[in-house]
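Scope of the values below: all heavy atoms of this structure, side chains included, with no hydrogens, waters or symmetry mates.
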Amino acid sequence: MAGRIGQGTPPRPSPDPRVAVSMTVNGERIEREVSPRMLLSDFIRHELRLTGTHVGCEHGVCGCCTVIIDGHAGRSCLAFAVQADGAEIRTIESVAGPDGSLHPVQRAFRECHGLQCGYCTPGFVMAIVDYLEGNEDPDLSDDAIRAVLSGNLCRCTGYKNIVAAFRRSAALMRGAG
Amino acid sequence: MSTRRFGERIERNADAALLRGEGSFIDDIDLPGALHAAFARSTVARAKLRSVDVSAAEALDGVVRVYTCENIGALDAPLPLLIPAPDLTHPKTQRPLARDDVFYVGQCIAMVVAVDRYVAEDAVRLIEIDYDPLPVEMDLDKAVMDDAPRVHPDVPNNVAGRFCVETGDTDAAFAEAEHVTRIRVRLERSTAAPLECRAIAARWEAVTGELTVWDSTQSTLSVRGGLASLFRIDEDKVRVIAPNVGGGFGQKIMMFHPDEMLVPLAAMELGRPVKYIEDRVENFIGASQERAQIHTLEIAAMKDGRVIGLRDDFLHDTGAFIPYGVAVALVSATSIAGPYRIPNFRVTFRPVYLPAVQVTPYRGCGRPHACYAIERAMDQLAGELGLDRFEVRRRNFIGKDEFPYLREGLIFADGLHVSHDSGAYEEALETLCRTIDVDGFRAAQAAAREEGRYLGLGLGFYVEGTGLGPYEGGHVKIHPITGKVYVNTGLTDQGQGHETVFAQIAAEQTGARVDDVIVVEGDTGAFEWGVATFASRAAVCSGNAIHMAAVKARAQIVEAAANMMECSQEDIELRDGAAWVKGTDRSATLAEIATATNPLRYAFNKPSASATQFAPASRHDGPQLAEGRTPGIEATDYYSPPHATWAFGAHAAVIEVDPELCTIEVRRYVCIHDCGRMINPTIVEGQVMGGIAQGVGGAFYERCEFDEDGTPLNANFMDFLMPYATEVPDVEILHSETPTPLNPLGVKGVGEAGTIPVAQVYASAVEDALRPFGIAPIREAPLTPDAIHRMLRQARKS
């Protein structure tokens, strides 16, 4: 059963053409040549090996692949890498401090048990970081929070603790400890 | 001062890495030179395959190999029947790649392996498949009729087997009954939809003959056993690892989805790592689903509301194959009496083949179905006898002094008897009533009706047989250098927080800090005895095994510490990662103790120097490891439950229905839950809340739809309506803690519980809200705005 057919013979490469792209990812200038049909999510995950950005549905519904593109939360599965040419992108890997210390949003998720399997979590964190960093005085009513979260699916938590984490994030970002 | 860790709300050990994006899900694992697989899947529900032409696909640049049933050697055979049963007279399992016939849309016909997924999918589209379609019947009721088209030509009426379970004397009960209530309920097919789809990667080391498989599975050990068997490789040469798993909910307990065999095969044949990352559409059409059943249920009651007998006959949609046996249906059958005495009942059921992807357990596993059937019937009984819905339940609960309550003659899904071990059912209902304020609600409901608003109160009670065997193990070791506690078991984690609760259990005994306990599971290289994560069994089976091993380790620590510090064992206390002589500041760290008990030749650090051969502390006249001793601090033990332990709970909700838009708004949702002693209440609440959210999906949103030809109609997240934060209500979670006498920790399972009663709660509330319109009783799950509209229109007509 365990044959060695093909071993040592490099496969014929993909016939796709290559296009140069450059962008800034987590503050670092990136230049690569990629297939024009490579999704931005695949580019981030497989070319840059930033695997904290996850892919849950490949059609923009679940929000697992949320990253911040030019200052706005967006779905990296709905864009091609070449469309992000020249863009500035932030992924989950940029959120904690260089020493690994957790961002207030991350701390809040941990304190509030806002994650279980952790697969959707980076998408939620990016959406919340984007929202709270852009809103000094966020509406923290249940309905308002749930509306902000309504672009991301979670199958584990039932959202209750994510709502709590959102509220706690806002408090921590205002310096409450 | 307290070293107590069991029962506390401790933050999870796993969270920081997941939050930083440093999780390690299958597709996050970098395997240089990896090839990527994609599948050609049937687009027809039932057909003869006239031809499969892969030549164009093979010719495409970037394609390395195309597999069909013709070139997979010995794998071209029906997959194993995982749980055989005597009455399963017509078991059918699928082949990894279709041969001659296809049985559902999504069935794998060919696998392409290419340099990347893009090319692999291009090649899939170049495969020419010629079908000769056959007639199908997608309706569960009609599929069992004599003239229905058969999914498998040799299975009459599409029935995989005829099953009957009985306790007591059902016929005598019906002869004695003063009142009989009859209902028929229907639950639709749904799917677990974990956010990480199924995924697998495999690497074959030709030099050493070792196969490593990373599988997003709930059962690494079973997958290893299966691969060793299929490929005829010794178990020690197959290592299966489930790193981070992005949700499972039962879908990933099913093993040998075709890719789980074909990806390792390709890795072995092609000499490169191979990955297959299922996409969302494939998860909808190729991965196990669950939930569809139709129950026809009768309950025999006395005029005072006491139920003395029950008869249930149900059809269970098993899809085109039945690889997991009748586990789901059997759980439904044996859970049908819920928390009620009902001393006499008979359940007959038929698993039915339909040309759709196979059915295997999904969170709840037959329990939501049984709960919906019995609880709908109890509501109806209350109405027919003019009793309050809460009161009719009170009159039938197994009383606090009646435990253990054996259901004589019933055999549960673990092959053991059904015995409710402990509970406080009536007390739970009273707490629920008090919290939701039933009388206050009735006043609010009346006032709302005056304003033309329609509020309803729903309730549902459930029980759950949890912690099924056969057994799990626990291994506890103190690392001599770091002093950390290293714990292993044979399970896998999909986010339930095993790494934290097992650490709490080990810390409680060893005195280590919880974050100094390393829990490694989901790796057959780390621990190789056990079964899997399913049936709400992790805390019960592995939790107790780890506890028992940790108790042994504690005894070793105390004995060694007493020797080292020359005091009596009674004077030793364990806390803060060390053993202390009570009332003094003398202590020895766990590292020092683990080192001192491990005679050494070489010194790496200060403590280890004292364990080397010439150190005064380790001078011996005889063997340095005394006869019968094992080195260091290390213990292993196993826990095998006598039978399932029965958790329970009750939910109530206030729901407002808009009779114009046919939409609903949950005003309040209260849950009281009892899983015995809680190891970590925060994690228990997380499990319950997550379960409820999945229940909400099944109550009002989620169902897998097919057209008459068997084509899935909503196999994506746009059309399959999974609840967002805007659809899941906030839930008030209350705890009741009735320990089980069955295991040392007194714990019961909690993973599935929340899901079980939600469809009943929604149905019961909507029915109550729309009572003024005279609608017919609700008998279907999920409810939908369409269904509400239909019921209101019918009520207006009649």
**Request:** Pick one of side chain, backbone, both or neither for B:Asn283, based on which atoms fall under 4.5 Å of a heavy atom in chain A.
**Result:** neither
**Item:** Under 4.5 Å from a heavy atom of chain B, the part of A:Leu115 involved
**Value:** both
**Fill in**
Among B:Asp279, B:Val281, B:Leu211, the residue with the most heavy-atom pairs under 4.5 Å to chain A is B:Asp279
**Approximate separation, where rounding is to 0.5 Å, of A:Asp142 CG and B:Thr726 OG1** = 11.5 Å
**Item:** Closest non-hydrogen atom pair between B:Val119 and A:Pro15, with its separation
**Value:** CG2-CD, 4.0 Å
**Message:** Tell me the closest heavy-atom pair linking A:Leu102 and B:Ala16, and the distance in Å.
**Reply:** CD2-O, 4.2 Å
**Request:** Could you look at A:Leu50 and say if it's the side chain, the backbone, both or neither that has a heavy atom under 4.5 Å from chain B?
**Result:** neither
**Prompt:** Heavy-atom distance under 4.5 Å to chain B: side chain of A:Pro122, backbone, both or neither?
**Reply:** side chain
**Request:** Side chain from CB out, backbone as N, CA, C, O: work out which of these in B:Asp122 comes under 4.5 Å of a heavy atom of chain A, or both, or neither.
**Result:** side chain
**Request:** Step by step, work out the side chain to side chain contact (heavy atoms under 4.5 Å, CB included) result for A:Arg12 and B:Leu60.
**Result:** CA-CA 9 Å; A:Arg12 294 161 292 167; B:Leu60 185 69; over 6 Å; no
**Request:** Please state whether the side chain, the backbone, both or neither of B:Gln496 comes within less than 4.5 Å of a heavy atom of chain A.
**Result:** neither
**Message:** Need one label for B:Ala192: side chain, backbone, both or neither, based on atoms under 4.5 Å from any heavy atom in chain A.
**Reply:** backbone
**Request:** Just say parallel, tilted or perpendicular for the rings of A:Tyr119 and B:Phe25, cut-offs at 30° and 60°.
**Result:** perpendicular
**Message:** For a quick test of reading the model, state the closest non-hydrogen atom pair linking B:Pro723 to A:Leu153 and the distance between them.
**Reply:** O-CD2, 3.5 Å
**Request:** Establish, from distance only, whether the side-chain atoms of B:Gln494 and A:Gln116 form a donor-acceptor pair under 3.5 Å.
**Result:** no
**Request:** Can you sort out the partners of A:Phe80 under ring-ring contact (aromatic ring centres under 6.0 Å, His included), two or more places apart, ordered by chain and number?
**Result:** none
**Complete:** OG1 (A:Thr157) and CD (B:Gln687) are apart, to the nearest 0.5 Å, by 10.5 Å
**Request:** Please state whether the side chain, the backbone, both or neither of A:Arg49 comes within less than 4.5 Å of a heavy atom of chain B.
**Result:** side chain
**Complete:** When the 4.5 angstrom heavy-atom criterion is applied to B:Val64 and chain A, the contacting part is side chain
**Complete:** Output for pair (A:Ile92 CD1, B:Glu22 CD), nearest 0.5 Å, gives 10.0 Å
**Request:** For the pair A:Arg45 and B:Asp30, find out whether any cationic side-chain nitrogen is under 4.0 Å from an anionic carboxylate oxygen.
**Result:** no
**Message:** Non-hydrogen contacts under 4.5 angstrom with chain B: give the residues of residues 52-70 of chain A involved, or none if there are none.
**Reply:** A:Gly52, A:His54, A:Val55, A:Gly56, A:Cys57, A:Glu58, A:His59, A:Val61, A:Cys62, A:Cys64
**Item:** Part of B:Val731 lying under 4.5 Å from any heavy atom of chain A
**Value:** backbone
**Item:** CZ/A:Arg29: more than 12 non-hydrogen atoms of other groups inside 6.0 Å
**Value:** yes
**Prompt:** Any side-chain donor-acceptor pair under 3.5 Å between A:His113 and B:Asp15?
**Reply:** no
**Request:** Check each atom of A:Asn152 against the heavy atoms of chain B and say whether the ones under 4.5 Å are side chain, backbone, both or neither.
**Result:** backbone
**Request:** Would you mind checking which part of A:Val125 comes under 4.5 Å of any heavy atom in chain B, side chain (CB onward), backbone (N, CA, C, O), both or neither?
**Result:** side chain
**Prompt:** Which one of A:Arg110, A:Glu93, A:Gln106 has the most heavy-atom pairs closer than 4.5 Å to chain B?
**Reply:** A:Arg110
**Message:** Under 4.5 Å from any heavy atom of chain A, what part of B:Leu195 do you find: side chain, backbone, both or neither?
**Reply:** both
**Asked** To the nearest 0.5 Å, how far apart are SG in A:Cys154 and OH in B:Tyr724?
**Response** 12.5 Å
**Fill in**
Answer key: most heavy-atom pairs under 4.5 Å with chain A among B:Met718, B:Gln694, B:Arg363 is B:Gln694
**Request:** Give a yes or no on whether a salt bridge exists between B:Glu702 and A:Arg155, defined as a side-chain N under 4.0 angstrom from a carboxylate O.
**Result:** yes
**Message:** With chain A as the partner, which of B:Glu727, B:Glu685, B:Arg280 has the greatest number of non-hydrogen pairs under 4.5 Å?
**Reply:** B:Arg280
**Message:** Tell me which of these, B:Ala693, B:Gly754, B:Gly690, B:Ser24, has more heavy-atom pairs under 4.5 Å with chain A than the rest.
**Reply:** B:Gly690
**Asked** Taking atom SG of A:Cys117 and atom CG of B:Asn244, what is their separation to the nearest 0.5 Å?
**Response** 8.5 Å
**Asked** Is A:Glu88 atom CD crowded by more than 12 heavy atoms from other residues, nucleotides or ligands, each under 6.0 Å away?
**Response** no
**Donor-acceptor under 3.5 Å (B:Arg20 side chain, A:Ala96 main chain)** = no
**Request:** Measure the CZ-NE2 distance between B:Arg117 and A:His46 for me, rounded to the nearest 0.5 Å.
**Result:** 10.5 Å
**Asked** Taking it one step at a time, do B:Leu19 and A:Thr121 satisfy side chain to side chain contact (heavy atoms under 4.5 Å, CB included)?
**Response** CA-CA 7 Å; B:Leu19 283 160; A:Thr121 309; 3.5 Å; yes
**Item:** B:Pro729 versus chain A, the contacting section by heavy-atom distance below 4.5 Å
**Value:** backbone
**Working for side chain to side chain contact (heavy atoms under 4.5 Å, CB included), residues B:Asp730 and A:Arg146** = CA-CA 10 Å; B:Asp730 193 15; A:Arg146 286 176 185 269; 3.9 Å; yes
**Asked** Can you find a side-chain donor-acceptor pair between A:Asp42 and B:Tyr118 that sits under 3.5 Å?
**Response** yes
**Message:** Report which part of B:Ile29 has an atom under 4.5 Å of a heavy atom belonging to chain A: side chain, backbone, both, or neither.
**Reply:** backbone
